[in-house]
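Order of the sequence lines fixes the chain letters, A, B, ..., with proteins taken first and strands second; residue numbering starts at 1 for each chain. The structure presented is a predicted model; accordingly, all values stated were derived computationally and were not measured.
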Amino acid sequence: MFEAEQKGIEEQIRAYCASHSLPEPNLRWTWIPFSGQWGLSTSFFQLAAASFNGQKGSIPQKAQEIAAGIADQIGIPDGFSKVEAVNGYLNLTFDPALYTRRVIDTVLELGGSYGRGKRLDEQVMVEFSQPNTHKAFHVGHLRSAILGDVLSNLLDAAGYDVVRANYPGDMGLHVIKWLWNYENFHLGEKPGRDITRWMGDLYSEASKRLDENPELDNEVREVYRRWDRREPALVALWKETRQWSLDGFTEMYNRLGIHFDTYYFNSMFEDSGREMVQDLIQKGIAEDERPDNGPVVVKLDEKLGLKTEKYRVFVILRSDGTALYATEDLALARQKFTDYPDLSRSYYVVDVRQSLHFTQVFKTLELAGYDWATRCFHVPYEIVSMPGNVVMSSREGSVVLLEDLLREATERALQVVREKNPELSEDQKQEIARAVGIGAIKYPMLTRDNTKVVTFDWQSALDFNGQAAPYIQYACVRANSILRKAAVNLPGSLIPDYPLSQPEVVLIDLIGRLPNEIQNAARDLRPLLITTLAYDLAKAFNDFYTQCPVIQAEENIRNSRLRLVAAAKQAMTNSLALLGITAPQAM
RNA sequence: GCCCCGGUAGCUCAAUAGGAUAGAGCAAAGCACUCCUAACGCUUAGGUUGACAGUUCGAGUCCCUCCCGGGGCACCA
């Protein structure tokens, strides 16, 4: 927001350093970290240390001298109201009135695109939400879907051209088991309304049957053989039933507001994967141990001449010649760069348990000489577990189905709306309940670091209080309410001609941080930064709401505050939109 | 055994590429509703940041050695 001024100041600081025979400074600006202090700050400790060049001296004292010298030199630049040297820091305080106008004008002018960065002419792919067909869609699958979606939003907002890719697991032992069960016990049946639940039920039924009757494994192996020779009737059944799952997933994605630009299926890469394995053998990278009844492997540590175990041994084809996930992942990576040759990065949002797998895939591709291999990145996240550290498992039925969670959350939200706003129409109530329910589900998954385990329990999942999406949505509603009640057109650009109160200062400060925070969140792949900012904004707005009257204020103050309310609402709405959460008009 | 990730208030989590005074929510105790929607606000209490030793002007953050928890390590996905 103050880039031009900041640059000018940086130049002055450099000039100062040059003329005082100080080393070139490495300037990093931060916010002044005291509430009510409003502006930019940088420190000179490193510069002070460097200036001693090994000699002894008091670094804090020297840093303070430099800061004071610079403060003297630059005076008070345009746009700032105060320049101070404090404890080795140079603090530049914004001119409140000017800064206010600049922030608010920018937000209101840009509207929904406030915070978005310059287009970078750079394409990236985010692969996320790899659900298995013929299985349930449960809360454990939710994190990849939500995280990947929001990372895509963030990268897009930061300026990248983002390709959103899904990679459903549509073939494998789980599918074969499902088909076996269907052919023998459910032939001709079709799913009802809850498609993914039904698909999941049939899968756990199949698992149970096979666990109880191990002798039936023969029948399953026979189904696998029919698949391997692509028996037309079986392939047709697979296609039809697979589509059921995909329809069910689409329904879930629609309800969550998540979309994809492209789909890859692991069944697409069995053949091309095997070809790549063959190629790796020929290049001498992979070793074919099949003559000794072994698999095809890449001995990564050995190939790299490493003495300690790091990449270990990577199995890329089963001894019977059938494809593994690893086989398919090699081909998938290549396909992505064939389809999108300009990708500067290809992200895989997959849980942390597959970290070694992906380092092996990428390292193998690098050894094979694919120059894009170093542009592949695994984005690991921790799993969602049940209380008591129980992992959700479709087989064991220790799952919370996404359908159930969505229904419960929406139902809970609906109860509250009915209580609070009985006068709204049923449609409006439903819409609000959907927005609140979805927000309540998404926010907790996004507001902890990717490396932290999320423990799912119903009580906290359905708790709408405290630091949660409904709190932020409610702040938007309050802002909206003021604007509606004011019943006037928004006043034009203006410079506040009254002393700003503390809540206003804090609120404007936070609004102005959104563009920068989007860049940080995209750079670090951390939605947490945006969930935090959105919450801080809502909290600051609620402070403002309780302490600063708008409609009853005198005209000059009212006009200024109305613009602030509109800008705050926009900043909160935009932040929520990045998180895939919508703010209702009332609630 | 080797590798990765975590350990911060009673609980769940923050702390912007080492920076100024470690912050929120929940739970607890109390207050508050004639006033733009109380899904709100205010007050109180709560900390040797797992331990030890280092590096630095400055360490929750980096390094060493440990402890505790989770995960991964040849044909599962």
Could you give the distance separating B:G7 and B:G60 at their P atoms, to the nearest angstrom? 14 Å
May I ask you to say what A:I551 touches in the nucleic acid, namely base, sugar-phosphate or nothing, with a heavy-atom cut-off under 4.0 Å? base
So which one's nearest nucleotide on RNA chain B is more toward 5', A:L483 or A:G169? A:L483
Determine the Euclidean distance between corresponding C1' atoms of B:C64 and B:A45; express it in Å to zero decimal places. 38 Å
If I take atom CG in residue A:L47 and atom P in nucleotide B:U56, what distance separates them, rounded to the nearest angstrom? 19 Å
On a whole-Å scale, what distance lies between the P atoms belonging to B:U56 and B:C75? 49 Å
Write out the stems for RNA chain B, ordered by first number and formatted as range with range, counting runs of at least 3 consecutive Watson-Crick or G-U wobble pairs under 3.5 Å. B:1-7 with B:67-73, B:10-13 with B:23-26, B:28-31 with B:41-44
When you measure from the side chain of A:T42 to the backbone of A:R28, do you find a donor-acceptor pair of N or O atoms at a distance under 3.5 Å? yes
So, the side chain of A:S204 versus the backbone of A:G200: is there a donor-acceptor pair under 3.5 Å, distance only? yes
Taking side chain as C-beta onward, heavy atoms only, is A:H141 less than 4.5 Å from A:S129? no
Taking the C1' atom in each of B:U55 and B:G47, what is the distance between them to the nearest angstrom? 25 Å
Answer yes if the side chains of A:S460 and A:D457 hold a donor-acceptor pair under 3.5 Å, and no otherwise. yes
Using a cut-off of 4.0 Å on non-hydrogen atoms, how would the nucleic acid contact of A:S355 be classed: base, sugar-phosphate, or nothing? nothing
With a non-hydrogen cut-off below 4.0 angstrom, is A:A486 in contact with a base, only sugar-phosphate, or nothing? nothing
In terms of side-chain heavy atoms of A:K452, which of B:G6, B:C36, B:A77 is nearest? B:G6
So if I define the base as every atom that isn't primed, P, OP1 or OP2, how would nucleotides 26-32 of chain B read as a B/S/- string at a heavy-atom cutoff under 4.0 Å? S------
A:T531 versus A:T447, side-chain donor and acceptor atoms under 3.5 Å: yes
A:K62 NZ to B:U56 P, straight-line distance once rounded to whole Å: 20 Å
Enumerate the protein-to-nucleotides 19-23 of chain B contacts in which both atoms are nitrogen or oxygen and the separation is below 3.5 Å.
{"unit_1": "B:G19", "atom_1": "O2'", "unit_2": "A:Y89", "atom_2": "OH", "d": "2.1"}
{"unit_1": "B:A20", "atom_1": "N6", "unit_2": "A:S41", "atom_2": "OG", "d": "2.4"}
{"unit_1": "B:A20", "atom_1": "N6", "unit_2": "A:N91", "atom_2": "OD1", "d": "3.1"}
{"unit_1": "B:A20", "atom_1": "N1", "unit_2": "A:N91", "atom_2": "OD1", "d": "3.4"}
{"unit_1": "B:A20", "atom_1": "N1", "unit_2": "A:N91", "atom_2": "ND2", "d": "3.3"}

Between B:A20 and B:U65, how far apart are the two C1' atoms, rounded to whole Å? 32 Å
What I want to check is whether the side chains of A:N480 and A:Q585 have a donor and an acceptor closer together than 3.5 Å. yes
Report the C-alpha separation of A:F137 and A:F249 in whole Å, then their side-chain angles, then the decisive distance to 0.1 Å, and conclude whether the ring-ring contact (aromatic ring centres under 6.0 Å, His included) test is met. CA-CA 8 Å; A:F137 198 109; A:F249 295 156; 5.5 Å; yes
What pairs of nitrogen or oxygen atoms, one from the protein and one from nucleotides 41-46 of chain B, lie under 3.5 Å apart?
{"unit_1": "B:G41", "atom_1": "OP1", "unit_2": "A:Y471", "atom_2": "OH", "d": "2.6"}

Is the CD atom of A:Q61 crowded by more than 12 outside heavy atoms at less than 6.0 Å? no
Could you tell me whether A:V436 contacts a base, only the sugar-phosphate backbone, or nothing, with contacts defined as non-hydrogen atoms closer than 4.0 Å? base
What interatomic distance, in whole Å, is found between P of B:C3 and the corresponding atom of B:A74? 16 Å
Side-chain donor-acceptor contact under 3.5 Å, A:N542 with A:Y471: yes
Heavy-atom check, side chain of A:V350 versus side chain of A:Q130, under 4.5 Å: yes
Could you check whether any side-chain heavy atom of A:K303 comes within less than 4.5 Å of a side-chain heavy atom of A:E287, counting everything from C-beta outward? yes
Starting from P on B:A14, measure out to CG on A:L533 and report it in whole angstrom. 16 Å
Which of these passes side-chain contact (heavy atoms from CB on, under 4.5 Å) with A:I316: A:V298, A:L324, A:I281? A:V298
P atoms of B:C42 and B:G25, separation to the nearest Å: 8 Å
Hey, mind stepping through A:T359 and A:H378 against side-chain contact (heavy atoms from CB on, under 4.5 Å) and telling me if it holds? CA-CA 8 Å; A:T359 56; A:H378 176 215; over 6 Å; no
A:Y381 vs B:C5: side-chain N/O to OP1/OP2 distance below 4.0 Å: no
Which part of the nucleic acid, if any, lies within contact of A:K310, taking any heavy atom under 4.0 Å across all strands shown: a base, the sugar-phosphate backbone alone, or nothing? nothing
A:D449 near the nucleic acid: base, sugar-phosphate alone, or nothing, with a heavy-atom cut-off under 4.0 Å? sugar-phosphate
Could you check, using the six-membered ring where one of them is a Trp, whether A:F544 and A:F541 have ring centers closer than 6.0 angstrom? yes
Expressed in whole Å, how much space separates the C1' atoms belonging to B:U44 and B:A59? 31 Å
NZ or CZ of A:R242 within 45° of A:F265 ring axis and under 6.0 Å: yes
Atom-to-atom span, CD of A:Q360 to P of B:A77 - whole angstrom: 14 Å
Between C1' on B:C75 and CG on A:D320, what's the gap in Å once rounded to a whole number? 9 Å
Output the rounded distance in Å from CZ (A:F358) to C1' (B:C3). 18 Å
Mind telling me whether A:Y203 and A:H174 have parallel, tilted or perpendicular rings, with 30° and 60° as the class edges? perpendicular
Between protein and nucleotides 60-67 of chain B, map the contacts as a letter string: B base, S sugar-phosphate only, - none, heavy atoms under 4.0 Å, written 5' to 3'. --------
Would you please say whether a donor-acceptor pair under 3.5 Å links the side chains of A:D320 and A:T322? yes
State, with a plain yes or no, whether a side-chain heavy atom of A:L40 is found less than 4.5 Å away from one of A:T30. no
Mind checking A:C548 for me? I need base, sugar-phosphate or nothing, with any heavy atom below 4.0 Å counting as a touch. base
Round to the nearest Å and state the distance from A:W29 atom CH2 to B:A17 atom C1'. 18 Å
Pi-cation contact, A:Y545 with A:R478 (under 6.0 Å, within 45°): yes
Examine the side chains of A:S501 and A:E504 and answer whether a donor and an acceptor come within less than 3.5 Å of each other. yes
Please tell me which of A:L528 and A:P549 maps to the more 5' nucleotide of RNA chain B, matching each residue to the nucleotide holding its nearest heavy atom. A:L528
Minimum side-chain heavy-atom gap A:F269-A:Y167 below 4.5 Å: yes
Could you go over nucleotides 70-74 of chain B and give all protein N or O partners under 3.5 Å, atom names and distances?
{"unit_1": "B:G72", "atom_1": "N2", "unit_2": "A:R312", "atom_2": "NH2", "d": "3.2"}
{"unit_1": "B:C73", "atom_1": "O2'", "unit_2": "A:R312", "atom_2": "NE", "d": "3.3"}
{"unit_1": "B:C73", "atom_1": "O2'", "unit_2": "A:R312", "atom_2": "NH1", "d": "3.1"}
{"unit_1": "B:C73", "atom_1": "O2", "unit_2": "A:R312", "atom_2": "NH1", "d": "3.0"}

Which part of the nucleic acid, if any, lies within reach of A:R448 when heavy atoms closer than 4.0 Å are counted: base, sugar-phosphate only, or nothing? sugar-phosphate
Would you classify A:R526 as touching base, sugar-phosphate or nothing, given that sugar-phosphate means primed atoms plus P, OP1 and OP2, and contacts are heavy atoms under 4.0 Å? sugar-phosphate
What is the nucleic acid contact for A:D301, judged by heavy atoms within less than 4.0 Å: base, sugar-phosphate only, or nothing? nothing
